[in-house]
Amino acid sequence: MATIIGISGSLRQQSFNSALLNAAVSLAPSGMHIQTRSITEVPLYNYDIEKAQGVPEPVEQLKRAIAAADGLLICTPEYNNSMPGVLKNVIDWLSRPPDDIQRVFGGLPVGIMGASPGRFGTLLSQNAWLPVMRTLGTRLWSGGRLMVTGASKVFDDEGAIVDEGTRERLQKFLDGFAAFIESNHR
């Protein structure tokens, strides 16, 4: 069974990206288990904190989970045509100290998806993540992209997908990501 760590890059209670990640958990194909992890306890990166106190425990817990996982699924919002600062902050912490980058990210299969109320989904955010994932040495799955547009009409008030086309695209995305992981064990 492949274990995937799933992270939503939004802190909002009614986040479309958290809803999309939760839908992915319920639609995970046979042989794939997605464990969602919260980023709410990760402080803003500050080298002075790292130097004085080390890497905070919430970050260490997330690093251990990712290092032990078979893959990482990032659900990214798009803010001002790019990645959200809060999610970039988490990735920055996860890469500290630099000696841990290979252990945490090296060869890790990564899938990126996202939801937005706009017409372009999270196209620019997903594109902004490409050099970051490449720099960290991940194996970015590029066989499929999932950009949910018009998210306010795709999810109901409880965060469930009400659009069948989106559900089908998510299932296809997850099936492809599972096959990619299967063929790219690190």
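In this chain, residues are counted from 1 in sequence order. Model, not experiment: these values are computed from the prediction.
Partners of E164 by side chain to side chain donor-acceptor pair (under 3.5 Å), not counting sequence neighbours, listed by chain and number: R167. Taking the salt bridge (Lys or Arg N to Asp or Glu O under 4.0 Å) definition, one finds that E41 meets it with nothing, sequence neighbours left out. With sequence neighbours excluded, the residues that form a ring pair (Phe, Tyr, Trp, His ring centres under 6.0 Å) with F173 are W141. Under the side chain to side chain donor-acceptor pair (under 3.5 Å) criterion, N81 pairs with no residue, sequence neighbours left out. Every residue two or more places apart in sequence or in another chain that forms a side-chain contact (heavy atoms from CB on, under 4.5 Å) with Y45 is listed here: Y47, E50, N89, W93, R96. Residues meeting the salt bridge (Lys or Arg N to Asp or Glu O under 4.0 Å) test with D100, sequence neighbours left out: K63, R103. Scored by the side chain to side chain donor-acceptor pair (under 3.5 Å) test, R169 finds no partners at all (sequence neighbours excluded). Checked against side chain to side chain donor-acceptor pair (under 3.5 Å), S142 has no partners two or more places apart in sequence or in another chain.
With contacts defined as side-chain heavy-atom distances shorter than 4.5 Å, the pair R145/N127 qualifies. Between P77 and S15, every side-chain heavy-atom pair lies at or beyond the 4.5 Å cut-off. At least one side-chain heavy atom of V55 sits under 4.5 Å from a side-chain heavy atom of P97.
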Atom pairs and distances, donor-acceptor, side-chain atoms in residues 110-123, under 3.5 Å, two or more places apart:
unit_1: S116; atom_1: OG; unit_2: G118; atom_2: N; d: 3.1
unit_1: T122; atom_1: OG1; unit_2: Q126; atom_2: NE2; d: 2.9

Scan the side chains in residues 19-32 for donor-acceptor partners under 3.5 Å anywhere in the protein, sequence neighbours excluded, and list what turns up.
unit_1: N22; atom_1: ND2; unit_2: S18; atom_2: O; d: 3.2
unit_1: S26; atom_1: OG; unit_2: A23; atom_2: O; d: 2.9

For residues 128-138, which side-chain donor-acceptor pairs fall under 3.5 Å, sequence neighbours excluded?
unit_1: W129; atom_1: NE1; unit_2: T76; atom_2: OG1; d: 3.2
unit_1: T135; atom_1: OG1; unit_2: P131; atom_2: O; d: 2.8
unit_1: T138; atom_1: OG1; unit_2: M133; atom_2: O; d: 3.0

Return a table of donor-acceptor pairs under 3.5 angstrom between the side chains of residues 146-159 and protein atoms on other chains or two or more places apart.
unit_1: D156; atom_1: OD1; unit_2: E158; atom_2: N; d: 2.9
unit_1: D156; atom_1: OD1; unit_2: G159; atom_2: N; d: 3.0
unit_1: D156; atom_1: OD1; unit_2: A160; atom_2: N; d: 2.9

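Here the closest heavy-atom approach between residue F180 and residue P109 is recorded as CE2-CB, 3.7 Å.
Within the model, atoms CG of D92 and CG of L87 stand 9.5 Å from one another, a figure rounded to the nearest 0.5 Å. Between the CD1 atom in I161 and the CG atom in D163 there is a gap of 8.0 Å [rounded to 0.5 Å]. Rounding to the nearest 0.5 Å places CD1 of I4 at 9.5 Å from CG of L174. Separation of atoms CD (Q61) and CD1 (I66) is listed at 12.0 Å; rounding is to 0.5 Å. To the nearest 0.5 Å, the span separating OG1 on T166 from CD on Q171 amounts to 13.0 Å.
The hydrophobic clustering, which links ILVMFWY residues whose side-chain heavy atoms are closer than 4.5 Å, places I91 and Y79 apart. The cluster map of Ile, Leu, Val, Met, Phe, Trp and Tyr, joined by side-chain heavy atoms under 4.5 Å apart, puts L11 and M83 in the same cluster. Linking Ile, Leu, Val, Met, Phe, Trp and Tyr whenever their side-chain heavy atoms come within less than 4.5 Å leaves L124 and L140 in two separate clusters.
Counted within 6.0 Å of CD on Q14, heavy atoms from surrounding residues, nucleotides or ligands total 12 or fewer; the atom is thus considered open.
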Task: Verdict with supporting geometry, S38 and T40, side-chain hydrogen bond (donor to acceptor under 3.5 Å, both in side chains) - done: CA-CA 6 Å; S38 174; T40 59; 2.9 Å; yes
